[in-house]
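Here's a structure for you.
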Amino acid sequence: MTHAYRTHTCGQLRDSDANGTTRLSGWVHRVRDHGGLLFIDLRDHYGMTQVVADPDSPCFKVAEKVRSEWVIRIDGKVRLRPAGTENKDMPTGLVEIYATEIEVLGQAAELPLPVFGEPDYPEDTRLKYRFLDLRRETLHKNIMTRTKVVSHLRRKMNDIGFNEFSTPILTASSPEGARDFLVPSRIHPGKFFALPQAPQQYKQLLMVAGFDRYFQIAPCFRDEDPRADRLPGEFYQLDLEMSFVTQDDLLSTMQPVVLELFNSFKGAKTVRADVPRIPYDVAVRKYGSDKPDLRNPIEMQAVTEHFAGSGFKVFAGMIANDPKVEVWAIPAPKGGSRAFCDRMNGWAQKEGQPGLGYVFWREGEEGGAGPIAKNIGPERTEAIRKQMGLGVGDACFFVAGRPEKFYKFAGDARTIVGKELNLTNENEFAFCWIVDFPFYEWSEEDKKVDFGHNPFSMPQGGLKALESQDPLTIKAFQYDMVCNGYEIASGSIRNHSPETMVKAFEITGVTKAEVEERFGGMYRAFQFGAPPHGGMAFGVDRLVMLICGVTNLREITLFPMNQQAQDLLMGAPSDATPKQLRELHIRLNLPEK
RNA sequence: GCGGAUGUAGCUCAGUUGGUUAGAGCGUCGGCCUGUCACGCCGAAGGUCGCGGGUUCGAGCCCCGUCAUUCGCGCCA
């Protein structure tokens, strides 16, 4: 008895199957019609098999009619391809199916998006016809990589003693800081659920409830504008939380999980085994970023002293006028040519900077070349060269000002130098932890102290630090994991003491009553025996993006929305019917066009 | 909300300084072809140049507006 659709998949048959019969179903990938002989590449999820028909076959007339992306069922004889016509690039390339019967299961209209081939197509077409896009080889493969990554993580987390729990999707507004998606309540007119920006409070409650190790591949919802590496609307996190742990326990629990994941999926790339823990302050000074790409070997240094009182009046003047001004040096090994330095200078001007000062060293010019070298003289130039460990053929760029104003620009310059000079190894995964984030930061907009990151983090020094220290000097037990310049995880040791929590909010101007109102569930829970706990969340989408080597999240997401946060395939968001709105007690107040 | 880029055949794109009838490849349709695997050859159909307005003797091209897509800023861990 034969199955209605197939006895084998399209990726299955080998030379050992020759002389047997088979039934295959799949999509017509390509047709090559030679008149008296006709080939069909039949494709399914598993692979591709060549089908051949000639005028002696009773199904030849049908075979002549089929077109790309029709779904057909074929019966036929498995046979070895004639000598010399084997295709070594295909796993099934030693055999072909001589078709005896073809049944058309589903015709396809003229394609708005070819499945064959891999050129780029406009996003709106790809999204509107996502089901066709997903048939294409690369995207199909990326999506499969994603499901394998997720199942790898799930298996691993279970293995090391974590328990998976599902937390509510319809919940209360959470304190992450992003805009909430709201869902109106029918039963409670005028009230709204919020979709969780992260299961933050629930997972902390699970710790209070005594479950010790929680994880979840959790959907998260944020109503913010997207970027290439930030999906609109919804995204997934590997969310986890542990009780009775220190920061060190958390980092050393998850570091092997991440390294093993990348080692399993790295392909031809390499994974750096060393994962340094870098304090936030150090990361900013060395790399100009709190998510440094460590594939780039460049490390910046302060060289303020060499410019103070020097003949380079621009920098010397700034230093004399403001004790907080510093000069940072960005070394550029092998960048010692006028052309390259000028190119960097031009880039800086395009970025809206006055320029990018530089020195470079050529054979026979002891004191260095370039305008800055002339201005500060050979001794100072030589001192800089020694400090930065540079030599003939190298260059060095300089930025000056208050570090908090220019560190991002310096970091961008570091990135460009690394890329332009091919110092950054593109075939590597390089990780680091960034630790000791500031607990508070100064909000210029609100003219007050505000939380730097998660308000539920434990300040280093606890309640005592909050009571005695300048808030802006307090660090948090807060950490990120970074890979190749992407933040892939973020977490903290939580503040489990109600008094400390109230004090922490008080410093930002939020009263005890407001804390009780906004975070009532958690505040109440902390009154009844909360264990010390902490956790983190990995961006699943970003992990997969790095593993697949793509720079846009749409390349690894099944049904992404466009940049306007619309689902072009399903037509979401869409109008609600008057009946729906009536039941929800909602009247629309639309902006005038 | 703001800034940059893009918008021409079903799809990907070209289109000179503003000048006659807007082109190519893929796909589609028709014909030929028995060893291709991006099959080959011959032929045909297919266009509101995103949309609206303006300048001009004349606009795919210049100007203004608008819409759509995208990248970035703001926003967001």
Side-chain angles (χ1 to χ4, degrees), chain A residues 29-43 48-57 60 64-65 67-69 79 81-90 92-93 96 98 108-129 132-133 175-180 197-198 200 220-233 235 237 239 290-291 350-352 408 412 434 437 445 451-455 457 478-482 486-492 536-539 541-542 551-552 554 562-564 566 568 591 593:
Chain A
H29 191 65
R30 279 301 258 191
V31 180
R32 291 177 296 280
D33 186 349
H34 291 233
L37 186 69
L38 179 150
F39 300 97
I40 296 170
D41 290 335
L42 196 66
R43 184 196 75 235
M48 195 122 63
T49 300
Q50 175 165 285
V51 177
V52 60
D54 66 25
D56 297 333
S57 164
F60 190 67
E64 280 183 315
K65 282 207 177 63
R67 291 292 175 267
S68 287
E69 298 312 309
R79 66 188 195 192
R81 295 194 187 188
T85 66
E86 302 89 349
N87 187 336
K88 296 200 170 53
D89 298 328
M90 290 171 73
T92 62
E96 63 189 11
Y98 180 75
E110 189 169 347
L111 300 172
L113 176 80
V115 173
F116 172 80
E118 291 282 336
D120 276 335
Y121 291 93
E123 289 294 339
D124 45 347
T125 307
R126 293 184 58 188
L127 294 181
K128 190 170 172 189
Y129 299 96
L132 290 178
D133 201 18
E176 299 285 319
R179 234 174 257 127
D180 284 317
Q197 296 182 23
Q200 181 65 31
C220 303
F221 305 90
R222 287 174 196 170
D223 188 7
E224 295 293 350
D225 291 347
R227 295 287 181 273
D229 64 347
R230 202 170 79 203
L231 284 168
F235 59 97
Q237 289 187 337
D239 194 41
D290 61 359
K291 40 184 182 181
K350 223 172 63 199
E351 294 289 300
K408 277 191 183 123
D412 289 347
I434 306 297
F437 278 82
E445 192 185 338
F451 289 107
H453 291 266
N454 188 332
S457 301
Q478 162 96 38
Y479 35 84
D480 283 358
M481 194 182 206
V482 174
Y486 287 93
E487 177 198 314
I488 57 170
S490 190
S492 65
M536 62 180 101
F538 286 83
D541 310 275
R542 286 202 187 148
T551 53
N552 194 304
R554 280 187 298 266
N562 68 7
Q563 213 198 6
Q564 267 57 252
Q566 294 168 303
L568 296 176
K593 270 279 174 182

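Each chain gets a letter, A, B and so on, in the order the sequences are listed, and its residues count up from 1. What you see below is based on every heavy atom in this structure, not just the backbone, and it leaves out hydrogens, waters and symmetry mates. Values in this document were obtained by computation on a predicted structure and should not be read as measured data.
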B:G4 P sits how many Å from A:Gln563 CD, rounded?
->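 So the CD-P distance, A:Gln563 to B:G4, works out to 15 Å.
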Among B:U69, B:C37, B:G35, the one nearest A:Pro82 by side-chain distance =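 Of all the options, the side chain of A:Pro82 is nearest to B:G35.
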Below 4.0 angstrom from OP1 or OP2 of B:C76, is there any side-chain N or O of A:Gln197?
-> no
Identity of whatever pairs with B:C2 - Watson-Crick or G-U, under 3.5 angstrom =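 WC or wobble partner is B:G72.
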Under 4.0 Å between any heavy atoms, over every strand shown, what does A:Leu38 touch: base, sugar-phosphate, or nothing? Just pick one.
-> nothing
Kindly indicate whether the side chain of A:Arg230 and the base of B:C76 share any N or O donor-acceptor pair separated by less than 3.5 Å?
-> yes
Is the closest side-chain heavy-atom distance between A:Gln237 and A:Phe538 below 4.5 Å?
->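 Heavy-atom side-chain distance check fails, nothing below 4.5 Å.
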Does A:Leu568 or A:Asp225 map to a spot on RNA chain B nearer the 5' end, using the closest nucleotide for each?
-> A:Leu568
Distance in angstrom units between A:Asp180 CG and B:C75 P, rounded | 18 Å
Whole Å only: how far is the CD atom of A:Glu123 from the C1' atom of B:U12?
->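 So the CD-C1' distance, A:Glu123 to B:U12, works out to 15 Å.
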Here the pair of heavy atoms bringing A:Asp180 nearest to A:Asp223 is O-CB, 3.9 Å
Please check the phosphate of B:U70 (OP1 and OP2 only) for any side-chain N or O of A:Gln564 closer than 4.0 Å.
-> yes
Report the distance from atom CZ of A:Phe116 to atom P of B:U12, rounded to the nearest whole Å.
->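 One finds 17 Å between P of B:U12 and CZ of A:Phe116, rounded.
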Under a 4.5 Å cut-off applied to non-hydrogen side-chain atoms, are A:Val482 and A:Ile488 in contact?
-> no
Pairwise C1' distance, B:A59 and B:G15 [rounded to whole Å] | 14 Å
Report the residue (A:Gly452 or A:Arg79) whose heavy-atom-nearest nucleotide on RNA chain B is the more 5′ of the two.
->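 Per heavy-atom nearest nucleotide, the more 5' residue is A:Arg79.
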N or O in side chain of A:Arg32 less than 4.0 angstrom from B:U36 OP1/OP2 =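 Indeed not, no polar side-chain atom of A:Arg32 lies that close.
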Could you check which nucleotide pairs with B:G52 in any of the strands shown, counting Watson-Crick or G-U wobble with both distances under 3.5 Å?
->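 Its partner is B:C64.
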Between B:C11, B:C71, B:U36, which nucleotide gets closest to the side-chain atoms of A:Gln50?
-> B:U36
Whole-Å P distance, B:G19 and B:G58 =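 Those two atoms are separated by 14 Å.
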Measure from the side chain of A:Arg227, starting at C-beta and using heavy atoms only, and say which of B:G10, B:C73, B:U36 lies closest.
->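 Taking heavy atoms from C-beta onward, the closest nucleotide is B:C73.
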Protein-nucleotide distance (A:Glu96, atom CD; B:G35, atom C1'), rounded to Å = 8 Å
Just to confirm, is there a sub-4.0 Å distance from OP1 or OP2 of B:U69 to any side-chain nitrogen or oxygen of A:Arg126?
-> no
Heavy-atom side-chain proximity of A:Glu96 to A:Thr49 below 4.5 angstrom |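 When only atoms from C-beta onward are counted, A:Thr49 and A:Glu96 do not touch, as no gap falls below 4.5 Å.
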Please state the C1' separation for the pair B:C2 and B:A14 - nearest whole angstrom.
-> 33 Å
For B:C33 versus B:A24, give the span between their C1' atoms, rounded off to a whole number of Å.
->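 Result for the C1' pair: 25 Å, nearest Å.
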A:Tyr129 side chain to A:Pro112 backbone, donor-acceptor under 3.5 Å | no
Rounded to whole angstrom, note down the P distance from B:A45 over to B:A22.
-> 14 Å
Rounded distance in Å between the P positions of B:A9 and B:G50 =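 Taking atom P in both B:A9 and B:G50, they lie 8 Å apart.
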At under 4.0 Å between heavy atoms, what does A:Asp229 touch on the DNA or RNA strands: base, sugar-phosphate, or nothing?
-> nothing
At under 4.0 Å between heavy atoms, what does A:Glu69 touch on the DNA or RNA strands: base, sugar-phosphate, or nothing?
->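 Nothing: the residue A:Glu69, judged by heavy atoms under 4.0 Å, touches no strand.
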Which one, B:C37, B:G74, B:U69, comes nearest to the side chain of A:Asp41?
->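 Nearest to the side-chain atoms of A:Asp41, counting from C-beta on, is B:C37.
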Would you kindly give the CG-to-P distance between A:Asp124 and B:G10, to the nearest whole Å?
-> 15 Å
Would you classify A:Asp89 as touching base, sugar-phosphate or nothing, given that sugar-phosphate means primed atoms plus P, OP1 and OP2, and contacts are heavy atoms under 4.0 Å?
-> nothing
Distance, rounded to the nearest Å, where A:Arg179 contributes CZ and B:C75 contributes P | 11 Å
OP1, OP2 of B:C29 versus side-chain N and O of A:Arg67: anything below 4.0 Å?
-> yes
Have a look at A:Glu110 and say if it touches a base, only the backbone sugar-phosphate, or nothing, with a 4.0 Å heavy-atom cut-off.
-> base
Separation of A:Met90 atom CE from B:C37 atom P, in whole Å?
-> 13 Å
Considering only heavy side-chain atoms of A:Arg554, the closest of B:U69, B:U70, B:G72 is B:U70
Please confirm whether A:Arg126 makes a cation-pi placement over A:Tyr121, using NZ or CZ under 6.0 Å from the six-membered ring centre and within 45° of the ring normal.
-> no
Kindly say whether A:Ala198 contributes a backbone atom to a donor-acceptor pair with the side chain of A:Gln200 at under 3.5 angstrom?
-> no
Run the salt-bridge test on A:Arg43 and A:Glu69 with the 4.0 Å N-O cut-off and return the result as yes or no.
-> yes
Do the side-chain N or O atoms of A:Asn552 get closer than 4.0 angstrom to the phosphate oxygens (OP1, OP2) of B:C71?
-> yes
Using a 4.0 Å heavy-atom cut-off across all strands, classify A:Arg30 as base, sugar-phosphate, or nothing.
-> sugar-phosphate
Quick one: is B:C37 close enough that its OP1 or OP2 comes under 4.0 Å of any side-chain N or O from A:Asn87?
->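 A:Asn87 to B:C37 OP1/OP2: no side-chain N or O under 4.0 Å.
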Write down the distance separating the C1' atoms in B:U21 and B:C42, rounded off to the nearest Å.
-> 24 Å
Would a 4.5 Å heavy-atom cut-off, applied to side chains only, mark A:Arg179 and A:Gln197 as touching?
-> no
Measure from the ring centre of A:His34 to the centre of the six-membered ring in the base of B:C39, then say whether that distance is under 5.5 Å and the planes meet at under 30°.
->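 Yes; by the centre-distance and plane-angle rule, A:His34 counts as stacking on B:C39.
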Considering only the P atoms, how many Å lie between B:U28 and B:G10, rounded to the nearest integer?
-> 15 Å
Identify the nucleotide, in any strand shown, that forms a Watson-Crick or G-U wobble pair with B:A44, with both distances under 3.5 Å; if there is none, say none.
-> B:U28
